[in-house]
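Comments concern the structure below.
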Amino acid sequence: PIHLSMALPASKIRMPVLPDSIVARPRLVNALRASRARVVLFEAPAGYGKSTLALQWLGSTGTAWLDLDPGDGDVLRFCRHAGAALAEALPRSGAAELTHATDAVQWFEDLVLLFEEKRDLRCTLVLDNFETIAPSDPVRDLLADWIRRPVGGLRLCITARVPPRLKLRRLVERGEACVLRQADLAFDLEEFVAAARLRVGEALSEAELEQAWLRTGGWCIHIGLGWTGGRSDPDLGYVNEEVLDGLPPPLAEYLTSTAVLDTLSAEGAAALGLGDQHEAACAALARFGIPHTQTESGPRIHAVVRTILQQILRERWTPGQRVALAKRADAWFRGLGRPEAALEAWLDLGLYADALRVFNEVHLELIERNLQGRYAEWLDRIPHELRGTHDYLRIRMRYLSYTGNNRLLLEEFNAAQAAGHIRPEGAAYRGLWGLSAWARAHLGTEGQYERILAEWRALEPDVRAG
């Protein structure tokens with residue numbers, strides 16, 4: 001037998017401490033406390049609050065905690081470490097004898113006997129980070145027996161970022177097991193708002209927080225990154241470390257290259273030149289804990305992860321590589337009759353001058369699809385240094401005209417003219433002058449309605465064309 005004080009870091013069996021400020025989750029905690037399940041599984045990608053929920057539900061009394069690592073795939077090592085966790089939670093119970101395992105079968109029999117002899121003994125053993133256990137590790141045979149066979153007052157709680165491949169279906173049907181997955185663990189709107197208030201106070205409105213909640217699907221990591229309400233890019237660090245690091249290079253490359261697609265379809269991957277990698281990549285998403293939902297046309301990567309992958313593209317790919325990728329995505333989306341997705345591909349890749357060019361090319365299609373309500377969202381993504389360009393002003397003035405903001409149109413037109421961005425000569429600018437004339441006519445500026453309307457009619461063909 002090994003001497004655990006020399007071999008086992010205290011952090012492996014020490015329960016984490018809840019922070020002082022934490023969002024209460026009574027809908028889940030109450031359901032768990034009312035459950036008679038002897039096996040509980042929390043399965044979701046990083047950042048869904050699995051460990052935090054376990055702490056909120058269980059508290060510190062009668063809870064044994066084992067932070068798993070790849071070495072715990074060895075069955076004897078696992079037995080000793082699980083025994084140490086139980087001994088820490090249940091002093092003077094006799095559980096300390098379980099730290100001296102030399103045979104896994106006998107160890108399990110001793111565990112069953114301990115809880116049979118002491119029928120008033122109650123404990124939950126949390127196996128945190130079960131994704132570190134490989135599918136072929138011997139400890140899985142022990143856990144399969146444990147799941148099939150009740151162990152007195154001992155309950156098992158497992159947290160995992162990927163499906164743990166444990167046979168729980170029949171136990172769930174009998175009420176002996178409870179499984180909470182990504183959709184169950186996601187914050188509802190009330191929880192999301194409460195978490196955001198703890199992080200950013202009253203800086204964001206209820207409407208902004210609701211939009212953030214809808215965009216992220218209640219993934220609470222979104223708040224932890226300080227990225228709420230769409231006001232800034234998320235920090236790369238946490239998601240890189242917890243979600244993306246450790247992926248096989250082919251999968252990481254595929255996910256990065258397809259970040260301009262909203263859905264990972266085989267056809268879309270082929271259009272980007274990645275068709276040969278598609279099937280294997282999609283099969284690996286769940287195995288490596290990449291947050292996604294399944295749709296009829298293919299997996300849809302979580303919006304937060306897509307945004308971070310796009311940020312990686314902008315920072316690490318050369319302009320030439322990004323232009324080549326954007327052209328392929330543009331052709332694919334326009335072929336599908338989705339001009340808005342073509343425009344967003346250029347924006348997502350940080351190719352803003354090209355995005356303005358495409359915006360002007362497809363604006364009539366966007367209007368036909370009744371998407372002018374999204375113009376403000378797209379224009380807000382254009383950096384300030386490009387907001388004096390002709391392509392930007394054409395779209396901006398059209399948007400203000402479509403929405404009836406004629407007074408603001410005139411103000412911005414006059415400001416752009418004063419700054420030298422709009423010149424009186426040249427056919428390219430006649431459309432902008434025509435829009436300003438229409439706005440002045442609509443407002444009846446200085447009682448000169450008829451004269452300005454005539455001016456508009458003279459310029460109307462250029463406005464329609466440009």
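Note that the structure is a prediction, hence the values are computed from the model and not measured. Counting from 1, the numbers follow the sequence of the chain as shown.
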Testing the basics here: between Phe78 and Leu143, what is the closest heavy-atom pair and its distance to 0.1 Å? CZ-CD2, 4.1 Å
Is there a side chain to side chain contact (heavy atoms under 4.5 Å, CB included) between Leu285 and Ile301 once you walk through the steps? CA-CA 9 Å; Leu285 291 177; Ile301 303 298; 3.9 Å; yes
Salt bridge or not between Arg381 and Glu377? Use side-chain N to carboxylate O under 4.0 Å. no
Checking the side chain of Lys50 only, and the main-chain atoms of Ala44 only, is there a donor and an acceptor separated by less than 3.5 Å? yes
Would you say Tyr399 and Gln372 are linked by a side-chain donor-acceptor pair, where the criterion is simply a distance under 3.5 Å? no
For side chain to side chain contact (heavy atoms under 4.5 Å, CB included), just list the numbers for Trp57 and Val40, CA-CA rounded to whole Å, side-chain angles, deciding distance to a tenth of an Å, and then say yes or no. CA-CA 11 Å; Trp57 160 43; Val40 176; 3.6 Å; yes
Ser35 side, atom OG; Arg155 side, atom CZ - distance, nearest 0.5 Å: 7.5 Å
Answer with yes or no whether the side chains of Arg300 and Thr263 bring together a donor and an acceptor at under 3.5 Å. yes
Please check this pair: side chain of Asp72 against backbone of Asp69, looking for a donor-acceptor N/O pair closer than 3.5 Å. yes
Under a 4.0 Å threshold between the charged nitrogen and the carboxylate oxygen, would Glu340 count as salt-bridged to Arg369? yes
Centres of the Phe359 and Tyr375 rings: under 6.0 Å? yes
May I have the step-by-step check of side chain to side chain contact (heavy atoms under 4.5 Å, CB included) for Trp213 and Val193, ending in yes or no? CA-CA 8 Å; Trp213 174 70; Val193 169; over 6 Å; no
Taking the basic N atoms (NZ, or NE/NH1/NH2) and the acidic carboxylate oxygens, is any pair closer than 4.0 Å for Arg181 and Asp184? no
Pairs satisfying salt bridge (charged side-chain N to carboxylate O under 4.0 Å, His left out), at least one member in residues 253-278, at least two apart: Asp262-Arg338
Does a sphere of radius 6.0 Å around CZ in Arg14 hold more than 12 heavy atoms from other residues, nucleotides or ligands, not counting ones at 6.0 Å or beyond? no
Out of Val323, Asp330, Leu325, which residue meets the side-chain contact (heavy atoms from CB on, under 4.5 Å) rule with Lys327? Val323
Run through Thr159, Leu32, Leu41 and flag the one making a side-chain contact (heavy atoms from CB on, under 4.5 Å) with Leu180. Leu32
Side chain to side chain contact (heavy atoms under 4.5 Å, CB included) between Leu154 and Leu125, worked out: CA-CA 7 Å; Leu154 180 60; Leu125 174 60; 4.2 Å; yes
So, are Arg374 and Glu344 salt-bridged, with charged N and O less than 4.0 Å apart? yes
Heavy-atom nearest pair, Gly73 first then Ile133, reads N-CD1, 3.7 Å
Are any of the side-chain nitrogens in Arg27 or Glu191 under 4.0 Å away from the carboxylate oxygens of its partner? yes
In this structure, CZ of Arg161 is separated from CG of Asn129 (nearest 0.5 Å) by 6.0 Å
For Leu261 and Ala269 the tightest heavy-atom approach is CD1-N, 4.1 Å
Check Asp128 with Lys12, please: is the shortest side-chain N to carboxylate O separation under 4.0 Å? no
